[in-house]
Amino acid sequence: SRDENIVAQMNAISKDIAQTSPLVSDPEAVGNLSEEYTDNKEFLQKISFLAEKYKTIRRVRGDGNCFYRAYAFSIFQQCKSNAEFRAHIYSKLENTLDWLLKLGMPSFTTEDFHET
């Protein structure tokens, strides 16, 4: 049917993207963005602003979860290099089990995940 063909095509596109684009890239120079946006003066100004503050960027696969993946990756990066921040995040996560269970998350998998 037409719907099955559409789903199959979407799955093929998703598979192709997954094979050619990492979830999170290795660091690269912020200036690399300038090469991609040479015709966009406003964007080039924003890239210049970013380059003043940051040396590198990481690209994130644009698959609908990109914002959450970038946000979580940033938190993990901060935890890796900042003990105070890591302790802060850990203290926040310690108190999430009851909250998740109250929201209706299944206790078996949630408790397993929380213990890890």
Side-chain angles (χ1 to χ4, degrees):
S1 78
R2 179 181 158 100
D3 289 342
E4 289 171 343
N5 290 339
I6 292 171
V7 169
Q9 184 179 20
M10 288 174 56
N11 288 338
I13 291 169
S14 294
K15 183 178 177 182
D16 184 50
I17 291 170
Q19 291 174 342
T20 59
S21 176
L23 291 173
V24 178
S25 75
D26 290 331
E28 63 179 85
V30 174
N32 289 355
L33 289 172
S34 298
E35 299 167 10
E36 297 175 34
Y37 297 97
T38 55
D39 296 334
N40 189 331
K41 289 182 183 181
E42 282 185 35
F43 207 71
L44 288 172
Q45 288 175 337
K46 293 176 183 183
I47 293 168
S48 273
F49 176 76
L50 286 174
E52 290 173 15
K53 189 169 181 176
Y54 305 101
K55 293 179 182 178
T56 60
I57 60 165
R58 288 182 185 264
R59 296 177 190 263
V60 179
R61 183 186 303 160
D63 60 1
N65 293 311
C66 49
F67 170 78
Y68 302 104
R69 184 178 302 115
Y71 185 73
F73 190 87
S74 175
I75 289 173
F76 290 133
Q77 285 287 106
Q78 289 296 315
C79 285
K80 184 177 170 186
S81 62
N82 183 330
E84 185 178 331
F85 183 77
R86 183 172 49 251
H88 172 74
I89 292 297
Y90 184 76
S91 73
K92 296 292 184 190
L93 293 175
E94 274 184 319
N95 302 315
T96 60
L97 180 60
D98 290 337
W99 179 69
L100 291 170
L101 295 174
K102 286 178 186 174
L103 288 174
M105 301 297 285
S107 62
F108 177 74
T109 54
T110 305
E111 288 170 354
D112 250 6
F113 179 76
H114 195 266
E115 289 173 8
T116 307

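Basis for what follows: all heavy atoms, side chains included, without hydrogens, waters or symmetry-related copies. It should be emphasised that the depicted structure is a prediction, and the values quoted were computed from it without experimental measurement. The first residue in the sequence is number 1, and the count goes up from there.
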Study note, to complete from the structure: Sorted by chain and residue number, the side chain to side chain contact (heavy atoms under 4.5 Å, CB included) partners of Leu50 (sequence neighbours excluded) come out as Val30, Tyr54

Exercise for review: Supply the members, apart from Leu97, of the Ile/Leu/Val/Met/Phe/Trp/Tyr cluster built from side-chain contacts under 4.5 Å; use none for a lone residue.
Suggested key: Leu101

Point to revise | Separation between CG of Asn82 and CD1 of Ile89, rounded to the nearest 0.5 Å | key: 10.0 Å

Review point. Going from CG on Leu33 to CG on Asn40, what distance comes out if it is rounded to the nearest 0.5 angstrom?
Key: 11.5 Å

Point to revise | Summary of ring pair (Phe, Tyr, Trp, His ring centres under 6.0 Å) pairs that have at least one residue in residues 6-36, sequence neighbours excluded | key: none

Review point. Any sub-3.5 Å donor-acceptor pair from Ser21's side-chain atoms to Ala18's backbone N or O?
Key: no

Check your understanding: Hydrophobic cluster mates of Ile17, side-chain heavy atoms under 4.5 angstrom, ILVMFWY only, any path?
Key -> Ile13

Point to revise | For Ser25 against Pro22, the heavy-atom pair lying closest together | key: CA-CG, 4.0 Å

Practice item. State, with a plain yes or no, whether a side-chain heavy atom of Cys79 is found less than 4.5 Å away from one of Ile75. Key: yes

Point to revise | Sequence neighbours excluded - side-chain hydrogen bond (donor to acceptor under 3.5 Å, both in side chains) pairs with any residue from residues 64-81 | key: Asp63-Arg69

**Study point:** Within 6.0 angstrom of Asn11 CG, more than 12 heavy atoms from elsewhere
**Key:** yes

Check your understanding: Taking side chain as C-beta onward, heavy atoms only, is Asn95 less than 4.5 Å from Trp99?
Key -> no

Review point. Do Phe67 and Val60 have side-chain heavy atoms sitting under 4.5 Å apart?
Key: no

Point to revise | Listed once per pair and sorted, the salt bridge (charged side-chain N to carboxylate O under 4.0 Å, His left out) pairs that draw on residues 40-53, sequence neighbours left out | key: none

Point to revise | Results of side chain to side chain contact (heavy atoms under 4.5 Å, CB included) for Pro27 - residues two or more places apart only | key: Thr56, Arg58

Check your understanding: Just by modelled atom types, is the Val24 backbone N or O under 3.5 Å from a matching donor or acceptor in the Arg61 side chain?
Key -> no

Point to revise | Point-to-point distance, once rounded to the nearest 0.5 Å, from CG of Leu100 to OG1 of Thr110 | key: 6.0 Å

Check your understanding: Could you give all pairs that pass the salt bridge (charged side-chain N to carboxylate O under 4.0 Å, His left out) test and reach residues 85-98, with sequence neighbours left out?
Key -> none

Check your understanding: Are more than 12 heavy atoms from other residues, nucleotides or ligands located less than 6.0 Å from atom CZ of Phe49?
Key -> no

**Study point:** side chain to side chain contact (heavy atoms under 4.5 Å, CB included) against Thr109, all qualifying residues, sequence neighbours excluded
**Key:** Pro106

Review point. According to the ring pair (Phe, Tyr, Trp, His ring centres under 6.0 Å) rule, which pairs have a member within residues 6-39, sequence neighbours left out?
Key: Tyr37-Phe43

Practice item. Taking the side chain as every heavy atom from C-beta outward, state whether Leu44 and Ser34 have any atom pair closer than 4.5 Å. Key: yes

Point to revise | Qualifying salt bridge (charged side-chain N to carboxylate O under 4.0 Å, His left out) pairs with a residue from residues 8-37, counting only residues at least two apart or across chains | key: Glu28-Arg59, Glu36-Arg59

